[in-house]
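In this chain, residues are counted from 1 in sequence order. All values derive from a computational prediction rather than experimental measurement.
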Amino acid sequence: MPNNAAAEKRMRQEQKRRLHNRSIKSLVRTQVTKARTAIATGEDSEEAVRQAISELDRAAKKGVIHRNNAARRKSRLMKRLNATK
């Protein structure tokens, strides 16, 4: 438990930030999963991958995930997409 006003404020800020980051990460995971299933089924996979890459870039830009993490995930998605062609 926080012992002073500054620590209490920091806890409130962290809680807000944690909820915000969790929603963004959830959106990223959803798009990546949609892209993977689209690649597996072969229907409109390029558009799904484009959406997933966009969400990964947006999350990296906001600092929710590290830019190298986003780059690695994008690379893996593109590798899967190109392997099916």
Can you give the donor-acceptor pairs under 3.5 Å from side chains of residues 31-39 to other protein atoms, not counting sequence neighbours?
unit_1: Thr33; atom_1: OG1; unit_2: Arg29; atom_2: O; d: 2.8
unit_1: Thr37; atom_1: OG1; unit_2: Thr33; atom_2: O; d: 3.2
unit_1: Thr37; atom_1: OG1; unit_2: Lys34; atom_2: O; d: 2.9

Output the distance between atom CG (Leu81) and atom NZ (Lys79), rounded to the nearest 0.5 Å.
->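 The distance works out to 13.5 Å.
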Rounded to the nearest 0.5 Å, how far apart are CG of Asn82 and OG1 of Thr84?
->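 OG1 of Thr84 is found 7.5 Å from CG of Asn82.
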Which atom pairs, one a donor and one an acceptor, fall under 3.5 Å between side chains of residues 52-72 and the rest of the protein, sequence neighbours left out?
unit_1: Glu55; atom_1: OE2; unit_2: Arg58; atom_2: NH1; d: 2.8
unit_1: Asp57; atom_1: OD1; unit_2: Lys74; atom_2: NZ; d: 2.7
unit_1: His66; atom_1: ND1; unit_2: Asn68; atom_2: N; d: 3.0
unit_1: Asn69; atom_1: OD1; unit_2: Arg73; atom_2: NE; d: 2.9

Could you note down all residue pairs passing side chain to side chain donor-acceptor pair (under 3.5 Å) where residues 5-18 supplies at least one of them, sequence neighbours left out?
->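 Matches after skipping sequence neighbours: Arg10-Gln13.
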Which residue pairs satisfy the side chain to side chain donor-acceptor pair (under 3.5 Å) criterion with at least one member in residues 41-50, sequence neighbours excluded?
->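 For residues 41-50, and leaving out neighbouring residues, the side chain to side chain donor-acceptor pair (under 3.5 Å) pairs sorted by first residue read Glu46-Lys85, Glu47-Arg50, Glu47-Gln51.
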